[in-house]
Protein chains: 2
Amino acid sequence: MTETAETRTERKERTRRAILDAALRLSADGSLGVLSLRQVAKEVGVVPTAFYRHFSSIDELGLTLVEESFVSLRAMLRDARTIAPDVDSAQALFLAIVDSSVSSLVAHVHDDHAHFRFIARERFAGPPAVREAVGHQLQLVERELATDIARIPGSEQWSGEDLLVLANLIVTAMIGHAEALVDAAARPREVARIAETARAQLRMVLIGALNWRSVS
Amino acid sequence: MTETAETRTERKERTRRAILDAALRLSADGSLGVLSLRQVAKEVGVVPTAFYRHFSSIDELGLTLVEESFVSLRAMLRDARTIAPDVDSAQALFLAIVDSSVSSLVAHVHDDHAHFRFIARERFAGPPAVREAVGHQLQLVERELATDIARIPGSEQWSGEDLLVLANLIVTAMIGHAEALVDAAARPREVARIAETARAQLRMVLIGALNWRSVS
DNA sequence: CGTTTCAGTGTACGAATGTTCACTGACTTT
DNA sequence: AAAGTCAGTGAACATTCGTACACTGAAACG
């Protein structure tokens, strides 16, 4: 009534969250496929059948986790867009973009282990429905990234197709690094090394794209 | 005795192969984790306990499949190295390298669906032991590719570190495309589109690497 | 030819799985 | 204050799982 009381909907939402978290935690080794409704229920501390009050199947749970994970990923993209304003030369802008992107990646992966690992895992493994959902979301992210890139000075020469190809390359590479970052989370030296690799690759790719039309 | 006879070791090898093939086929949806010894046995047409005559666990089966899959991947790399000899300019050599690599990728993925899908899948999902094995093998492949790249004229400026970073980027991107190629195997238009994307990315990356030292 | 080896059989077991159904009791609504 | 809603319970089910064990019979061997 006053303040400590918990409304019924709040309670329900709380167990729903607990289920999602437990599923994320338990599927960390092995994909969603090796995740049993009963395991999740036990981890949450409810009886197996209670699961059905929130999700009709593991697949539906999976689709929810996909959406959640991509909220995290988009938050990272948003952060990556905010760069230091003290850029004078085009080259400084370039490095600023790369640094900001990789910093954002490292920071968000650190805070959101589970979501990034989930995306990397279920992208290729996982139930078909989930895999498809991840693929679709990734495509959207690539488009989003492509329009971001299109705002970089000097990118006017690129066709829409080029932009998508470039975005696809970047997204794929960064997902790989995200997974590596999760694995290396406990070893700071390793994290720094991966971050440096990501930076180098991003620079390579952008430089390559800049000199692009000169070839084909 | 004469010719139709089958020695005992041959018979054993035959069922062993059947088990490996069945496992590859059955794990196509969902990772190795969602693969039961009994499913495999039923698919092969033997009784469940017969499995143990060949592998002591699913993990061991998995490690064997990892080795097998990378034999396929290395075969692709070897093919990619053989390029048309009629290259005169440095630019023609470049395009020849890119074309040869992507053609090899498309051809081998077409013939070896299962192995490439297996690598893409178990790299992030799959039992820890298998994931580790895939990671290790990928590292070896990256080194191998790095020495290949080092033989390209104009690459003398790159440090060993640069080469590895570049190889890592290429391998990651190509594995992604391999998976996409498998999914699109039945739609030739889609296959062609993916191949073109792969070509474009490979060119971008190489061009980027060529203009590399000029920045950092 | 007699003996050994061993790939594959058949049974049996406890444990874990997804899903059903009728239930309870605290919160919400009237 | 009475009636209704509904998140969570608890028992029961048919399957499937990994694995232990004793076995069979044909190929390999001395």
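Proteins get letters first, then strands, A, B, ... in listed order; numbering begins at 1 in each.
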- Atom-pair distance (OH on B:Tyr52; P on D:dA22), nearest Å: 17 Å

- Query: Does A:Thr15 place a side-chain N or O at less than 4.0 Å from the phosphate oxygens OP1/OP2 of D:dG8?
  - Reply: yes

- Item | Test: A:Glu190 and A:Arg193 ion pair at under 4.0 Å | yes

- Taking for B:Leu35 and for A:Arg11 the nucleotide of DNA chain D with the nearest heavy atom, the one nearer the 5' end belongs to A:Arg11

- Query: To the nearest Å, how far apart are B:Phe51 CZ and D:dA20 P?
  - Reply: 13 Å

- Message: What's the closest nucleotide to the side chain of A:Arg38 if the choices are D:dT9, C:dA7, C:dT17?
- Response: C:dT17

- Query: CG of A:Leu37 versus P of D:dG8: gap in Å, rounded?
  - Reply: 14 Å

- Message: Any salt bridge linking B:Asp21 with B:Arg17? Criterion: basic side-chain nitrogen under 4.0 Å from a carboxylate oxygen.
- Response: yes

- Message: From CG of A:Asp59 over to P of C:dT19, roughly how many Å is that when rounded to an integer?
- Response: 10 Å

- Taken to the nearest whole Å, CD/A:Glu13 to C1'/D:dC6 is 16 Å

- Item | A:Ala50, nearest nucleotide to its side chain (from D:dT9, D:dG18, C:dT17) | D:dT9

- Query: What nucleotide, of C:dC6, D:dG8, C:dT9, holds the atom closest to the side chain of B:Val47?
  - Reply: C:dT9

- Task: Taking only the side-chain heavy atoms of B:Pro48 (C-beta and beyond), determine which of C:dG10, D:dT19, D:dG8 contains the nearest atom.
- Result: D:dT19

- Message: Contact between B:Leu65 and B:Leu61 at the side-chain level, heavy atoms closer than 4.5 Å - yes or no?
- Response: yes

- Query: Closer to the 5' end of DNA chain C via nearest nucleotide, is it A:Ile58 or A:Thr9?
  - Reply: A:Ile58

- Salt bridge B:Glu68-B:Arg74, side-chain N to carboxylate O under 4.0 Å: no

- Of A:Arg53 and B:Ser36, the one whose closest DNA chain D nucleotide lies more 5': A:Arg53

- Task: Would you kindly check whether a donor in the side chain of A:Thr49 faces an acceptor in the base of D:dG10, or vice versa, at under 3.5 angstrom?
- Result: yes

